[in-house]
Amino acid sequence: MTLILVYEKEEKLCLFLCVCSPAWRMQLESRLSVHGRVIVCSARRNDVKQQLVIQRGHGGHTAVDCGCVVAPVLQSGSEQTASGRVVLHDVDLCHMNNARYLRECDFARFSLYMRNGVFKGVRALGATMVVGATTIRYRRPLCVGEAFELRSRIVTWDEKSFYVEQRFVSCKDGMVSAVMFCKQNVLRSSPDKILQHLCKRKVEVPEFPEDLQHWINFISASSVWTLQCKIKIIMLLWILSGSLVLFGSFDVWYFLRGSWMVIKSWFQGPIRDVLAEQVIHGRVLLHDLDFMCHMNNARYLRECDFARYAHCTRNGLFLATRALNATMVIGATTIRYRRSLAFGEAFELRTRIVAWDEKSFYMEQRFVSKADGFISAIMLCRQNVIRGNPQKILDHLCKRKVDCPEISEDLQHWIRFISASSQALRAESGLDDKTK
């Protein structure tokens, strides 16, 4: 039966069309009579015409010729019921799985929005609805074969979301087995606009229940925390991206460790004897290994760099060189590997100045295994001085003339090799002819 309700408010006619039971008819009459006089006319659907003709009669009465739908009735607190039964594919531990409750709630909400017209209003306004949050409380499990009713209703709404309550009521004893609240977010519109579009009037927002208000407060607090986490994650991603670019472009660990060696040596205190041997300790780590599972040959030279930084910081050579506006650079190195250093093996790296000439310092560096004191490798380094000479640096540092130690035979042979190699390269490039 098609029921047309007509009521009058401030000389305006408002019409509602719905298909309902007699109980609904009484509820609608009592609800609409608050606003004005209600005239109820019943007509079969087949008798409804395509046009609605309203004429005012004598004595202010309203004559209605049954017509087409004008607007749906939306009662925000109206409850809709869907029936269900727990079947085998719903079960985990012989009762309904928790995920199935949410699945059933999805279907019930689809039905609710279809029947109350919310989906139609959302589509008309070009909006979309998505689930923003859900909370469910399980009071008693629903067992296999147990029938239940799933009662859904829109409890209230705010500027962004509808709040829907859904209850699983056992048909056996009427107990509420589970109750769920769903926050249904509205995108590109708002619940007020949707309801106003459906009802052709502004719909008052129902009061928020206390338990729902607590849940909304929780969502708000969680949202703030989530936003803070997102900001931190974004910042972390930027830091990681920047670090990746930095580590991919520069040998960052070299500069970090070199700086650390200088700072550490600075606070360890000076060593006044420039010819004294200095020791640093090390251990072969994973990043020092090559395919042979021992310390890679390039890592020996790297460790020697850090040892020289510490050596020149503690004996004052760096400060003296800087005071004289000079600079020191590596001119040549030679290293002899006597026994490999294995993974995890501890060693000492001993550094000392063995001699100098008018252009360079000559330094010896030894890798000594802590396991048995064996000299695993020995390196000689020629440290060239630019815009100065070693003798002036040592005189400035020691405030007196320092005599050069006697040059050992092996060092003399290496110095002659460097000189011969330099002359051969100069001749090869034609520099000797230009300098004559």
Side-chain angles (χ1 to χ4, degrees), residues 235-290 295-335 341 343-354 356 360-368 370 376-388 390 393-394 396-398:
M235 291 178 63
L236 180 61
L237 289 176
W238 274 107
I239 292 172
L240 291 176
S241 300
S243 300
L244 183 61
V245 172
L246 188 64
F247 277 78
S249 305
F250 301 97
D251 192 353
V252 178
W253 289 121
Y254 181 88
F255 292 102
L256 288 177
R257 190 174 172 195
S259 301
W260 166 246
M261 292 300 296
V262 172
I263 294 171
K264 180 181 176 182
S265 301
W266 182 270
F267 284 100
Q268 283 179 338
I271 295 178
R272 301 301 180 186
D273 186 0
V274 293
L275 300 179
E277 184 178 76
Q278 296 184 33
V279 179
I280 66 169
H281 303 276
R283 186 179 295 274
V284 182
L285 303 178
L286 285 173
H287 60 261
D288 297 323
L289 303 181
D290 57 13
M295 189 167 176
N296 182 264
N297 59 337
R299 284 288 176 174
Y300 286 85
L301 275 69
R302 186 184 180 97
E303 292 297 320
C304 288
D305 280 350
F306 300 137
R308 286 196 304 276
Y309 292 156
H311 182 272
C312 294
T313 300
R314 296 192 68 184
N315 65 16
L317 276 182
F318 275 157
L319 288 178
T321 301
R322 185 176 179 183
L324 297 175
N325 294 322
T327 307
M328 291 196 298
V329 295
I330 297 289
T333 59
T334 181
I335 186 168
L341 291 170
F343 170 66
E345 187 173 354
F347 60 88
E348 291 180 349
L349 181 47
R350 302 174 182 176
T351 305
R352 68 190 181 99
I353 296 175
V354 293
W356 60 87
S360 310
F361 288 104
Y362 294 94
M363 306 177 75
E364 180 189 77
Q365 297 181 275
R366 297 184 177 192
F367 289 82
V368 181
K370 287 187 177 181
S376 299
I378 182 170
M379 189 183 89
L380 291 175
C381 172
R382 181 183 181 181
Q383 195 91 26
N384 293 343
V385 178
I386 301 174
R387 296 188 302 274
I393 293 174
L394 293 177
H396 175 81
L397 179 62
C398 301

Within the side chain of Arg283, is there an N or O that forms a donor-acceptor pair under 3.5 Å with the backbone of Gly344?
-> yes
What is the ring orientation for Phe367 with Phe347, classed by angle as parallel under 30°, tilted 30 to 60°, or perpendicular over 60°?
-> tilted
Indicate yes or no: at least one non-hydrogen side-chain atom of Leu317 is less than 4.5 angstrom from one of Phe361.
-> yes
Within-4.5 Å side-chain heavy-atom neighbours: Met363 and His311 | yes
Phe318: ring pair (Phe, Tyr, Trp, His ring centres under 6.0 Å) partners, not counting sequence neighbours = none
In terms of heavy-atom contacts, Arg387 and Asn325 come closest through NE-O, 3.1 Å
Donor-acceptor pair, side chain of Arg382 and main chain of Thr334, under 3.5 angstrom = no
Checking Arg314 side chain against Trp266 main chain: does a donor-acceptor pair fall under 3.5 Å?
-> no
Begin from the C-alpha positions of Phe247 and Trp253 and carry the test ring pair (Phe, Tyr, Trp, His ring centres under 6.0 Å) through to its verdict.
-> CA-CA 8 Å; Phe247 277 78; Trp253 289 121; 5.5 Å; yes
Crowded around Lys264 NZ? As in, over 12 foreign heavy atoms under 6.0 Å?
-> no
Would you check if Met328 and Cys312 make a side-chain contact, meaning some heavy-atom pair closer than 4.5 Å?
-> yes
Tell me, with the steps shown, if Met261 and Ile280 meet side-chain contact (heavy atoms from CB on, under 4.5 Å).
-> CA-CA 10 Å; Met261 292 300 296; Ile280 66 169; 4.1 Å; yes
Where the side chain of Glu364 meets the backbone of Val354, is there a donor-acceptor pair that is under 3.5 Å apart?
-> no
To the nearest 0.5 Å, tell me how far Gln278 CD sits from Asp273 CG.
-> 9.5 Å
Thr351 versus Arg308, side-chain donor and acceptor atoms under 3.5 Å | no
Under 4.0 Å between a Lys/Arg side-chain N and an Asp/Glu carboxylate O for Arg302 and Asp305?
-> no
